[in-house]
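Take a look at the structure below.
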Amino acid sequence: MSYHFNEIEAKWQKYWADNHTFKAENKSDKPKYYVLDMFPYPSGAGLHVGHPLGYIASDIYARYKRHKGFNVLHPQGYDSFGLPAEQYAIQTGQHPAITTETNIKTYRRQLDQIGFSFDWSREVRTSNPDYYKWTQWIFIQLFESWYCKNHQSAFPISELEKVFSSEGNESVEAVCDDNVNVFTAEEWNQFSSEKKQDILLKYRLTYLAETEVNWCPALGTVLANDEIVNGVSERGGHPVIRKKMTQWSMRISAYAERLLQGLDTIDWTDSLKESQRNWIGKSVGASVTFNVNDHDAVIDVFTTRPDTIYGVSFMTLAPEHDLVSQIVTDEQKAEVEAYIEATAKRSERDRMADVKTISGVFTGAYAEHPFTKEPIPIWIGDYVLAGYGTGAVMSVPCGDQRDYDFAKHFNIPIPNIFEGVDISEEAFSDKENTIIANSDFLNGMNYKKATKRAIYELEQLGQGEGKTNYRLRDAVFSRQRYWGEPFPVYYVNGMPQMIDLEHLPVRLPEVEKYLPTEEGEPPLGRADVWAWDTNTNTIVSNNLVTLSGVEGSHDNGIYPLELNTMPGWAGSSWYFFRYMEEAANRGEHFATEDALKYWENVDLYIGGSEHATGHLLYSRFWVKFMHDRGFVGVDEPFKKLINQGMILGTSAIVYRVSGTNTYVSKGLKEGHDVEEIRVDVNIVNASDEIDIEKLKQWQPQFENAEFILEEGNYIVGREVEKMSKRWFNVVNPDSICEQYGADSLRLYEMFLGPLEQAKPWNTAGITGVHGFLKKLWKLYVDDNGLKVNDAEATKDNLKTLHKTIKKVEDDIENFSFNTSVSTFMIAVNELTAQKCTSKAILEPLLVLISPYAPHIAEELWSKLGHDQSISTAPFPKFEEKHLVESSKNYPISFNGKMRFTLELPLDMSKDDIEKTVMAHEKTIAQLQGREPKKVIVVPGKIVNIVG
RNA sequence: GCUGAAGUGGUGGAAUUGGUAGACACGUUGGACUUAAAAUCCAAUGUCCAUUAGGACGUACGGGUUCAAGUCCCGUCUUCAGUACCA
């Protein structure tokens, strides 16, 4: 009986599905454990071998935890809204829902054939109306909430209204827009309801705001910064303009400090936490207000170095700063305008890339130093960014290198305010070893003291205060796309109104085309049936909307719906809660309280590091918000997080002799002028030899090509790069499963190397793990059937088993899956050599292997006479006693270099070891009569002879 | 520039608290079985010197600490990832 993996794997996959083997229970006596993968976007290309890496790792862990007696939740679903389906729809007219459905089918088939222990009964799809109903609901909750700085928590907006009507807004410490005016309770109560709504919008956690976007009229869409190259669109090269659009924003900045603090409570890698810290970008300092001479204007700046206030010799504004046009003098006007125009032409990216060039223009205006009252020239320069802080800086050339370079370049004085420091060559930015000088009341102080004092003095003047600044901006939440969640929002006189929960979901309308309208409205602008009837609470035809406010028209209660859709991260910011509820109970809640209480949050989350500052930050934000409002009990979504490394492709390259249709093999290409052409890796074997017949069929350009071979073969060149269709280096798991089986694929992906490390895919080694599975099979079964019997386990058998138990358990706990595969190989090699047939050994061994290679484990388990799945068999218990040795093979080293080994009893005393070793003939030979200076004996470890 | 991770045979990688560097595989070479191939099995395989015995060198590079360093410390270089004129 040989190892027919295809039959075995199909059999057990069917068994698991039929018996709901991996269905998690919401009520259990076992402790819970929640293992989650980042759910995939179902793209048309299907899975490649890189995708399953993280899934295999989490599956091993989930299966291990089941063996360890946990009630494990290990679900899977699809992040099924997204751009590729929409773009495909634009090209073909095919509805994205249909493409998505087809793609999901492919994904499911591919996932199933790898034998994952997912509980599919809890599947989630973000594009499913039953799901996005609750995404819409969370959006409404954000709209109905404000953030109180005093309590560091979100509260219902209705409570804020109560405060406004009883005491106005002066005492309210809220995170809100900057332009909120102070009003009293009386004033509030007399405001029109429109005015009240307008004010409340400035406090809501999601709000409408004018945002600058990159608008490409030719493509009719908004582009992200990285879709623009040299001021034109990457795709098509069309001009891009900055355009203000009214968009929904999320007040994530309210949570900046908690998002930062929360990082200390979770078990993530340092690099990931560091990424989030950088993204949040906290800096502590002060805001300082400078009066502008001869103008009724002030310049606010943020500085981390208020202690250097006496070193200010000029100010710099971003060219886009609002004040520039107001304060520029007539003499400087032409120059300033030319400069602004020149910078506007350069894209943000160009400006960032070109750090070396120093440019700027004097505005002709002066500000007044808050203490010395001296005039300070005001410059504009593009090294100051409009988007950070206030878009203006107080320039201290002696303490900041950029200010220093700017001052040198334009011959602006560089006053030195540091004691005993030479600033003739560069700025002195070391704040730890600073003594302030030439600074009046700050003289002689260090950074800490001077900072405190400067802030105090500024406060006395009313020209500044201590301030903490965050880089984290509020997140724009509107997208001009079709294939995303519609907002549950309609507009009455331009004011947004929320649709009640009972009328959700607001379903995506049908449109004829998935492009923006000719007027530049989002695709939903093409929908004919896209208005909200407040009388019936249904979506009705747009024609029924009356133009309210226009004289002669009457308000019939039918209003236009929002045309934008939500961004990709909306649905993925809370999906982990949805899995907690069993599908049957999902109707009334996004998840019931019991389910949320039982599963709490994700114990282990595995996914790619590309989500470090997107999904992982937004999810934390939404969870903190939901926690504040009492919808969930936890404050962080993911307790432990692991990033799997990317699996890279190994592209294959053929060399075409320039200007011909002749291809020269890699080894012979020297001397030829060649072009590198990437070809399909699937027609190249592990020895880099290409199948020329297949190549000719692959693309017509090779059909009549000539090939210059070396030793009868055409050898390709190799290049390791990202797995991508355009490099023809994508390897699909299907063919691996077919050829070697899912268990081989699972073992091999783990065996490739450490989980978190990026590594190139190379099928060469897969025969190794496949051979291992065959050997494992042969340990249990031969031509006559099952070999396993009740023979008593030998000492060696037990030693091998328990060594393996210990190592594998440690490895899984440390996510070191590659080394446990080696451990299995060693165990099987040893047991084969020992001719072990003992059930007492081979049965527990199967449980150890089952998380990694579940199909073969189930098959052999049932052959051993079990009628239940191996998946919940208890994990074997490690017993130290089987590893206790009586002797140790001591390495004997001379001056640290190991020369020979010596078997000695472990209970031998230090002195006896030394005596025995020193008397040994090899020792005498090594020393050649020399007297050792010192002999180090570490019992149980090593002997080192010095001299 | 900054932040983080890493650099070990022909290749992927192992060495968890400083204690026999190269586990386990792949590849290569030789052999067995076979008409042949596949499969399987056995042996060798860091580099260099040496017939052998054995020796020298060796974990990116240069220093250091230690009886002992891939591992700890200082400096340098390289690669990858993220981020960037952050005031």
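Per chain, numbering begins at 1; letters A, B, ... match sequence-line order.
If you check every strand for non-hydrogen atoms under 4.0 Å, A:Lys897 touches sugar and phosphate atoms only. At a threshold of 4.0 angstrom between heavy atoms, the contacts of A:Arg899 are confined to the sugar-phosphate backbone, with no base atom among them. Among the atoms of the strands shown, only primed sugar atoms or phosphate atoms (P, OP1, OP2) are found under 4.0 Å from some heavy atom of A:Thr767. Within 4.0 Å of A:Lys806, counting heavy atoms only, lies no atom of the nucleic acid at all. Here A:Asn889 lies in heavy-atom contact (under 4.0 Å) with a base. In this structure, A:Val946 reaches the sugar-phosphate backbone alone: every heavy-atom distance under 4.0 Å involves primed, P, OP1 or OP2 atoms, never a base. When heavy atoms are screened at a 4.0 angstrom cut-off, A:Asp400 is found touching no nucleic acid atom at all.
Remark: A:Lys774 is not positioned above the aromatic ring of A:Tyr3, lacking an NZ or CZ atom under 6.0 angstrom from the ring centre and at most 45 degrees off the axis.
Remark: A:Arg402 is in phosphate contact with B:C86, judged by side-chain N or O atoms under 4.0 Å from OP1 or OP2. Here A:Asn829 reaches the OP1 or OP2 of B:A25: one of its side-chain N or O atoms lies under 4.0 Å away. At the phosphate of B:U40, OP1 or OP2 sits under 4.0 Å from a side-chain N or O atom of A:Lys774. Side-chain nitrogen and oxygen atoms of A:Ser283 include at least one within less than 4.0 Å of the OP1 or OP2 phosphate oxygen of B:A87. Contact check, A:Asn818 against B:A14: a side-chain N or O comes under 4.0 Å of OP1 or OP2.
Side-chain proximity of A:Pro754 to B:G13, B:A87, B:C67: nearest is B:G13. Distance from the side chain of A:Met898 is smallest to B:A21 among B:A87, B:A21, B:U3.
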Decide yes or no on side-chain hydrogen bond (donor to acceptor under 3.5 Å, both in side chains) for A:Ser395 and A:Thr316, but give the supporting numbers first. CA-CA 7 Å; A:Ser395 302; A:Thr316 316; 2.9 Å; yes

Would you please test A:Trp761 and A:Glu749 for side-chain contact (heavy atoms from CB on, under 4.5 Å) and show each step? CA-CA 9 Å; A:Trp761 179 261; A:Glu749 292 223 1; 3.8 Å; yes

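Nucleotides B:A38 and B:G54 are separated by 43 Å at their C1' atoms, to the nearest Å. Across B:A14 and B:A60, the matching P atoms stand 14 Å from one another, rounded to whole Å. Taking atom C1' on both nucleotides, B:G18 is separated from B:A69 by 6 Å, rounded to a whole Å. For the C1' atoms, the distance linking B:U40 with B:U52 amounts to 35 Å, nearest Å. When the P atom is compared between B:U8 and B:A15, the two are found 15 Å apart, to the nearest whole Å. Nucleotides B:A53 and B:A5 have their P atoms positioned 46 Å apart, rounded to a whole Å. B:G19 and B:G75: their P atoms are spaced 24 Å apart (whole Å). Between B:A50 and B:G63, the two C1' atoms lie 34 Å apart (nearest whole Å).
Between the side chain of A:Lys778 and the base of B:U40 there is no donor-acceptor pair of N/O atoms closer than 3.5 Å.
The partner of B:U52, taking Watson-Crick or G-U wobble pairs whose two distances both stay under 3.5 Å, does not exist in any strand shown. Under the Watson-Crick or G-U wobble criterion, with both distances below 3.5 Å, B:U28 is paired with B:A44. Within the shown strands, B:C74 is the pairing partner of B:G62 under the Watson-Crick or G-U definition, both distances less than 3.5 Å.
Between the A:Arg899 side chain and the A:Phe894 main chain, no donor and acceptor come within less than 3.5 Å of each other. Put simply, the side chain of A:Asn643 gets close to the backbone of A:Gly607: a donor and an acceptor are under 3.5 Å apart.
Exactly one of A:Thr308, A:Ile417, A:Ile423 qualifies for a side-chain contact (heavy atoms from CB on, under 4.5 Å) with A:Phe428. That residue is A:Ile423.
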Distances for protein N/O vs nucleotides 10-12 of chain B N/O pairs under 3.5 angstrom?
residue	atom	partner	partner atom	Å
B:G12	O2'	A:Leu752	O	2.6

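Aromatic pair A:Phe314/A:Phe406: centroids less than 6.0 angstrom apart.
If you take CG of A:Asn895 and P of B:A69, they are 10 Å apart, rounded to a whole angstrom. Note: CD1 (A:Ile280) to C1' (B:U3) measures 15 Å, nearest angstrom. Rounded to an integer number of Å, the gap from CH2 of A:Trp268 to C1' of B:G82 is 15 Å.
Side-chain contact check for A:Met908 versus A:Tyr890: every heavy-atom pair is 4.5 Å or farther apart.
Side chains of A:Asp811 and A:Thr819: a donor-acceptor N/O pair is present below 3.5 angstrom, by distance only.
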